[in-house]
Amino acid sequence: MTQINFYLYFRECLKLYDKVTMPVAEKHGLGYMEFVILIFLANNKEYNKASDIVTLLGIAKSHVSSTLDQLEKKNLIERVKDESDKRSSIIRIKENAKEIITDGRKAQEEYWRMVVKDIDEEELRKLNETLMKIEKNVKEKI
C-alpha cells in the first residue's frame with residue numbers, strides 16, 4: 001500500500017459516510033456539522049463538553065461554539081453549568097433530538113454494513129490491531 005492509497009482509502013470512507021448520513025441531516029433540517037456534533041454527543045455520552053468535541057473531532061472552537069448555538073436554538077440540546085468547573089458547561093441532548101439520533105444511528109449501521117461487507121471477524125480483528133498501531137505511531141509524533 002502506498003501513502004496515497006492509504007490517504008485515498010480513508011477519504012473514500014468519509015465520502016461514503018457523508019453520502020449515507022447526509023440524507024438524515026437533510027430530512028431533519030440540520031446542517032452537516034450540526035448532525036456530526038449531535039450524533040457524536042449521542043454516541044459518546046462521556047464526552048459532553050465543547051472542549052471534548054474540539055479535541056476529539058478536531059473542529060475549531062469557534063465552529064463548535066456556533067454549531068452548539070444552532071443546536072440549542074433548534075431545541076435539540078441544552079447547556080448547563082458544570083458544578084465541578086464553573087467555566088465549563090455540560091451539553092445535554094433533549095428529547096426533541098430522539099428521532100434524529102435514531103435515524104442517524106440507523107444510517108451509521110447501514111454505513112458500517114457497507115464497509116465491512118465480505119470481511120470476516122478475523123480480518124476485522126487484524127484490521128483493528130493494525131489501526132491501533134497506526135494510531136499509536138501517530139499519537140507519538142503529535
K.L.:
Can we say Lys126 and Asp120 salt-bridge, meaning some charged N sits less than 4.0 Å from an Asp/Glu carboxylate O?
P.N.:
no
K.L.:
Looking at Glu78 and Glu72, would you say the former's side chain and the latter's main chain have a donor-acceptor pair under 3.5 Å?
P.N.:
no
K.L.:
Considering all heavy atoms of both residues, which atom of Lys19 and which atom of Pro23 are nearest to each other, and what is their separation?
P.N.:
O-CD, 3.2 Å
K.L.:
Answer yes or no: is there a side-chain heavy-atom contact under 4.5 Å between Gln70 and Met33?
P.N.:
no
K.L.:
Could you pull out all residues at least two apart from Phe10 that satisfy ring pair (Phe, Tyr, Trp, His ring centres under 6.0 Å)?
P.N.:
Phe6
K.L.:
Would you indicate whether the side-chain heavy atoms of Leu76 and Ile93 approach each other to under 4.5 Å?
P.N.:
no
K.L.:
So, do Asn5 and Tyr9 sit near enough that their side-chain heavy atoms are less than 4.5 Å apart?
P.N.:
no
K.L.:
Whether the side chain of Arg105 engages the backbone of Ile100 through a donor-acceptor N/O pair (distance < 3.5 Å, no angle test) should be reported.
P.N.:
no
K.L.:
Should Val20 and Val116 be regarded as members of a common hydrophobic cluster, given that ILVMFWY residues are connected when their side-chain heavy atoms come within less than 4.5 Å of each other, either directly or indirectly?
P.N.:
yes
K.L.:
Would you say the side chain of Tyr47 lies within less than 4.5 Å of the side chain of Leu41, judging by non-hydrogen atoms?
P.N.:
no
K.L.:
If you define the side chain from C-beta out and look only at heavy atoms, does anything of Leu38 sit under 4.5 Å from His28?
P.N.:
no
K.L.:
I'd like to know if Lys15 pairs up with Glu12 as an ion pair, taking the criterion as any Lys NZ or Arg NE/NH1/NH2 lying under 4.0 Å from an Asp or Glu carboxylate oxygen.
P.N.:
yes
K.L.:
Rounded to the nearest 0.5 Å, what's the gap from OH on Tyr32 to CD1 on Ile37? Could you check?
P.N.:
10.5 Å
K.L.:
Sorted by first residue and then second, give each side chain to side chain donor-acceptor pair (under 3.5 Å) pair with at least one member in residues 51-66; sequence neighbours left out.
P.N.:
none
K.L.:
Answer whether the closest heavy-atom distance between the side chains of Glu99 and Lys27 falls below 4.5 Å.
P.N.:
yes
K.L.:
By salt bridge (charged side-chain N to carboxylate O under 4.0 Å, His left out), which residues pair with Lys139, not counting sequence neighbours?
P.N.:
Glu135
K.L.:
For atom CD of Gln3, is the number of surrounding heavy atoms from other residues, nucleotides or ligands below 6.0 Å larger than 12?
P.N.:
no
K.L.:
Considering only heavy atoms from C-beta outward, does the side chain of Arg92 approach that of Ile77 to under 4.5 Å?
P.N.:
no
K.L.:
Only counting residues at least two apart or in another chain, list the ones meeting ring pair (Phe, Tyr, Trp, His ring centres under 6.0 Å) with Phe40.
P.N.:
none
K.L.:
Identify, with sequence neighbours excluded, every residue that meets side-chain hydrogen bond (donor to acceptor under 3.5 Å, both in side chains) alongside Lys94.
P.N.:
Asn75
K.L.:
How long is the gap from CG on Leu30 to CD1 on Ile39, to the nearest 0.5 Å?
P.N.:
10.0 Å
K.L.:
Taking all non-hydrogen atoms of both residues into account, name the closest pair between Ala25 and Gly31 and its distance.
P.N.:
CB-O, 4.3 Å
K.L.:
So how far is it from Leu71 CG to Asn96 CG, rounded to the nearest 0.5 Å?
P.N.:
12.0 Å
K.L.:
Taking the hydrophobic residues Ile, Leu, Val, Met, Phe, Trp and Tyr, and joining any pair whose side-chain heavy atoms are under 4.5 Å apart, which ones share a cluster with Met132?
P.N.:
none
K.L.:
In terms of side-chain geometry, is the basic nitrogen of Glu122 or Arg125 positioned less than 4.0 Å from the acidic oxygen of its partner?
P.N.:
yes
K.L.:
Any side-chain heavy-atom pair from Asp82 and Lys49 closer than 4.5 angstrom?
P.N.:
yes
K.L.:
Can you tell me how far the OG1 atom of Thr21 sits from the CG atom of Leu16, to the nearest 0.5 Å?
P.N.:
9.0 Å
